[in-house]
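Heads up: the structure comes next, in structure tokens.
One-based numbering, in listed order, for ligands and for the atoms of each. We count residues from 1, following the sequence as given.
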Amino acid sequence: MSVLAGRRLSPLARAVAAVAAAVMFMMVFSAGTASAHGSTIDPPSRNYGCWERWGHDFQNPEMATEDPMCWQAWQHDTNAMWQWNGVYREGVGGDHEGAIPDGQLCSAGRTGGDRYAALDVPGEWHATPVANEFTVTVHDQALHGADYYRVYVTKQGFDPTTDELGWGDLELAGQTGVVPPGEGTPSDDPALGGVSVSIDVEAPGRTGRHIVYMIWQASHFDQTFYGCSDVVFG
Ligand SMILES: [Cu+2]
């Protein structure tokens, strides 16, 4: 009887195993593509910086006082921090201002719903010291390449601790032409992979806190990445 039952069940068992294998494959595949994006890593974007500084210790309550804006971001949506490389939109067609309302620039216009909304909140974000001429480094994990990178810096007078970021606050400070896929500095950090691309930036006359806003028009298809990095001049 047990032999007969085994024979009768084995096609079902094979079917179950096949479905399980397919699901496993899809999970691995989607996890792989989800991690295959990027962001500004220097000066770090809000999303990358909070992941890099606290990803190994994100439940540490000291973050609330040491790095309060990262704390509110981790509290808002942990997945946004794990998916630090996913702040992008598709099909924008180059009309960034049309796709992203004022006040939502850091979340790429609330891409993915509410997930990245905490990135738009003004406050005491950890700020990287920079000179008026500096280099922005964007990390491209999956060798997407770029049609262009554009880097903006907020105008003098903008205060990231109190002001929501709008398009009218930005001045272009650096840009590139086409960057072929794979061009850049390869990373030996297994959490990153891919290549880092450096962009020269000039922001004369700036003092104090500012936001560096980065637009990366990837070239594999119409996928555009956006990122806010907090800096302090002088
Ligand atoms: Cu990607």
Heteroatom of His37 nearest to the Cu ion (ligand 1) (N, O or S, atom name)
ND1
So does Ala218 have any N/O/S atom less than 2.8 Å away from the Cu ion (ligand 1)?
no
Over 60° means perpendicular and under 30° means parallel, so classify the ring planes of Phe233 and His210, tilted if in between.
perpendicular
Face-on cation placement of Arg150 at Tyr148 ring, 6.0 Å and 45° thresholds
yes
May I ask you to decide if the ring planes of His96 and Tyr226 are parallel, tilted or perpendicular, using 30° and 60° as cut-offs?
perpendicular
Quick check: does His220 have an N/O/S atom under 2.8 Å of the Cu ion (ligand 1)?
no
Measure centre to centre between the rings of Trp82 and Trp74, then say whether the value is under 6.0 Å.
yes
